[in-house]
Peer 1: 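Take this structure, written in structure tokens, and hold onto it; I'll ask about it next.
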Amino acid sequence: MSLVWDGITTRGVVSEGSAAERHRLADASKTYDWTTVLALLHEHPGLVNTTRPGGVSLFAPLHQAAHGNAPPGVLEALIGLGAWRMLLNARGERPVDVAERCGHGRAAEILRPVLRRRVPAGVLAAMQAHFHAVIRGRADDLVRKASLRLPELGPLLEVPGDEPVWFAVPGMYGGFAYRLRSDGVEAVLVAESWCRVVGGSGQRHEITSAGSRLVEEGFV
């Protein structure tokens with residue numbers, strides 16, 4: 001799956017090499033070194049929505065680009081590489097919110113989210129809470145051990161069609177693939193999870209604002 005929710009927040013969960021790459025990207029983003037940022041992301045595109053291991057601000061590269069009033073070409077390149085305009089930092093700000101707070105109107109226009117799906121904010125928040133409960137029901141010990149940042153559903157509104165997003169859980173030898181099956185008040189999130197070293201571990205849940213329902217298990 002090409003779309004990934006990266007839940008890594010601490011250094012010890014990934015290899016030393018991966019941690020170093022994440023710190024290099026965070027350092028370059030924080031100093032507005034866009035040449036290095038784009039070079040690193042072309043080499044490691046899966047890091048486009050990551051934050052610094054051990055960091056507290058949860059600024060991804062696009063948040064830093066908004067804060068630093070990056071040139072339009074840089075903003076568009078980051079978005080083209082898959083940077084989510086609906087991704088929140090620790091304060092609950094999207095990149096567009098950071099740009100507006102800093103008075104960067106030109107950047108804000110580029111960073112304004114282009115939504116492909118429509119789900120009321122309250123419905124999405126309720127679905128997200130139920131989804132997190134499903135994740136914790138399957139892998140709470142691993143989530144806690146790794147201090148994972150659980151998936152937020154806002155970026156799904158940017159995803160065309162029902163393309164799935166992958167959330168890997170370290171130590172699970174698998175994780176969760178999730179997608180929006182429908183929009184609006186009756187929106188349904190479909191989440192499939194499995195451990196690839198345990199036969200028949202697959203589970204499929206359908207999640208709405210009212211709760212979650214296990215609809216299939218035993219696959220994979």
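FYI, side chains are in, hydrogens and waters are out, and symmetry mates aren't considered; it's all heavy atoms of this structure. Start at 1 with the first residue, then count along the sequence.
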Peer 1: Find out if a path of hydrophobic residues (ILVMFWY) with successive side-chain heavy-atom gaps under 4.5 Å connects L153 to L115.
Peer 2: yes
Peer 1: Has Y173 got more than 12 heavy atoms of other residues, nucleotides or ligands less than 6.0 Å from its OH?
Peer 2: no
Peer 1: So L40 and E21, do their side chains get closer than 4.5 Å, heavy atoms only?
Peer 2: no
Peer 1: Are the side chain of H23 and the backbone N or O of R52 linked by a donor-acceptor pair below 3.5 Å?
Peer 2: no
Peer 1: So which heavy atom on P72 is nearest to which on I110, and how close?
Peer 2: CB-CD1, 3.5 Å
Peer 1: Is there a side-chain contact (heavy atoms from CB on, under 4.5 Å) between V188 and S182? Walk through the geometry before answering.
Peer 2: CA-CA 5 Å; V188 177; S182 56; 3.7 Å; yes
Peer 1: In the structure I gave you, are the side-chain heavy atoms of T50 and I8 within less than 4.5 Å of one another anywhere?
Peer 2: no
Peer 1: For N49 and W5, indicate whether the former's side chain and the latter's backbone hold a donor-acceptor pair under 3.5 Å.
Peer 2: no
Peer 1: Whether E109 and R106 form a salt bridge (side-chain N of Lys/Arg under 4.0 Å from carboxylate O of Asp/Glu) is what I want to check.
Peer 2: no
Peer 1: Going only through I, L, V, M, F, W and Y residues with side-chain contacts under 4.5 Å, is there a path from V159 to V119?
Peer 2: yes
Peer 1: Testing the basics here: between L81 and L41, what is the closest heavy-atom pair and its distance to 0.1 Å?
Peer 2: CD1-CB, 3.9 Å
Peer 1: Is it true that E100 and R94 make a salt bridge, defined as a side-chain N closer than 4.0 Å to a carboxylate O?
Peer 2: no
Peer 1: What distance separates L62 CG from L111 CG, expressed to the nearest 0.5 Å?
Peer 2: 5.0 Å
Peer 1: Looking only at side-chain N and O atoms, does R138 offer a donor or acceptor that is under 3.5 Å from a partner on S193?
Peer 2: yes
Peer 1: Counting only heavy atoms from other residues, nucleotides and ligands, does the tally under 6.0 Å from CZ of R11 exceed 12?
Peer 2: yes
Peer 1: Quick check on the hydrophobic clustering: are L3 and L124 connected, directly or via other members, by side-chain heavy-atom contacts under 4.5 Å?
Peer 2: yes
Peer 1: Quick one: pull up CH2 in W166 and CD in E192 and give me the separation to the nearest 0.5 Å.
Peer 2: 10.0 Å
Peer 1: When rounded to the nearest 0.5 angstrom, what distance separates CG in L180 from CZ in R116?
Peer 2: 14.0 Å
Peer 1: Measure the OG1-CG distance between T9 and L150 for me, rounded to the nearest 0.5 Å.
Peer 2: 10.0 Å
Peer 1: Grouping I, L, V, M, F, W and Y whenever their side-chain heavy atoms are under 4.5 Å apart, do L156 and V123 come out in a common cluster?
Peer 2: yes
Peer 1: Does any N or O in the side chain of D183 come within less than 3.5 Å of the main-chain N or O of R118, such that one atom is a donor and the other an acceptor?
Peer 2: yes
Peer 1: Any side-chain heavy-atom pair from H44 and L25 closer than 4.5 angstrom?
Peer 2: no
Peer 1: Side chains of K145 and P170, heavy atoms from C-beta outward: is any pair under 4.5 Å?
Peer 2: no
Peer 1: Are Y32 and V48 joined in one hydrophobic group, where the rule is that I, L, V, M, F, W and Y side chains link up if heavy atoms are under 4.5 Å apart?
Peer 2: yes
Peer 1: Could you check whether any side-chain N or O of R136 sits under 3.5 Å from a backbone N or O of F131, counting only pairs where one atom can act as donor and the other as acceptor?
Peer 2: no
Peer 1: Check D140 with R144, please: is the shortest side-chain N to carboxylate O separation under 4.0 Å?
Peer 2: yes
Peer 1: Under 3.5 Å, is there a donor on one side chain and an acceptor on the other for H205 and Y178?
Peer 2: no
Peer 1: Indicate the atoms forming the closest heavy-atom contact of L38 with A77, along with that distance.
Peer 2: CD2-CB, 3.9 Å
Peer 1: How many angstroms lie between atom CG of L87 and atom NE2 of H63, to the nearest 0.5 angstrom?
Peer 2: 5.0 Å
Peer 1: Between CZ of F176 and CD of Q203, what distance do you get to the nearest 0.5 Å?
Peer 2: 8.5 Å
Peer 1: Check whether any side-chain N or O of E158 sits under 3.5 Å from a backbone N or O of R85 as a donor-acceptor pair, and report yes or no.
Peer 2: yes
Peer 1: Output, in order, the C-alpha distance, side-chain angles, deciding distance and verdict of side-chain contact (heavy atoms from CB on, under 4.5 Å) for D162 and R181.
Peer 2: CA-CA 6 Å; D162 61 353; R181 192 175 68 192; 5.6 Å; no
Peer 1: Ignoring hydrogens, what is the shortest heavy-atom contact between R149 and F167? Give both atom names and the distance.
Peer 2: O-CE1, 4.0 Å
Peer 1: Within the distance-only criterion (no hydrogens, no angle test), does the side chain of S201 pair as donor or acceptor with the backbone N or O of C195 below 3.5 angstrom?
Peer 2: yes
Peer 1: Applying side-chain contact (heavy atoms from CB on, under 4.5 Å) to V37 and L78, what does each step give before you reach the verdict?
Peer 2: CA-CA 9 Å; V37 167; L78 288 170; 4.1 Å; yes
Peer 1: Do you know which two heavy atoms are closest between W34 and S29, and how far apart they sit?
Peer 2: CH2-O, 3.8 Å
Peer 1: Where do V14 and A19 come nearest, in terms of heavy atoms and distance?
Peer 2: CG2-N, 3.7 Å
Peer 1: If you define the side chain from C-beta out and look only at heavy atoms, does anything of N69 sit under 4.5 Å from C102?
Peer 2: no
Peer 1: Please step through side-chain contact (heavy atoms from CB on, under 4.5 Å) for the pair V114 and I79, ending with a clear verdict.
Peer 2: CA-CA 11 Å; V114 177; I79 293 167; over 6 Å; no
Peer 1: Taking H132 for its side chain and P151 for its backbone only, find out whether a donor-acceptor pair lies under 3.5 Å.
Peer 2: yes
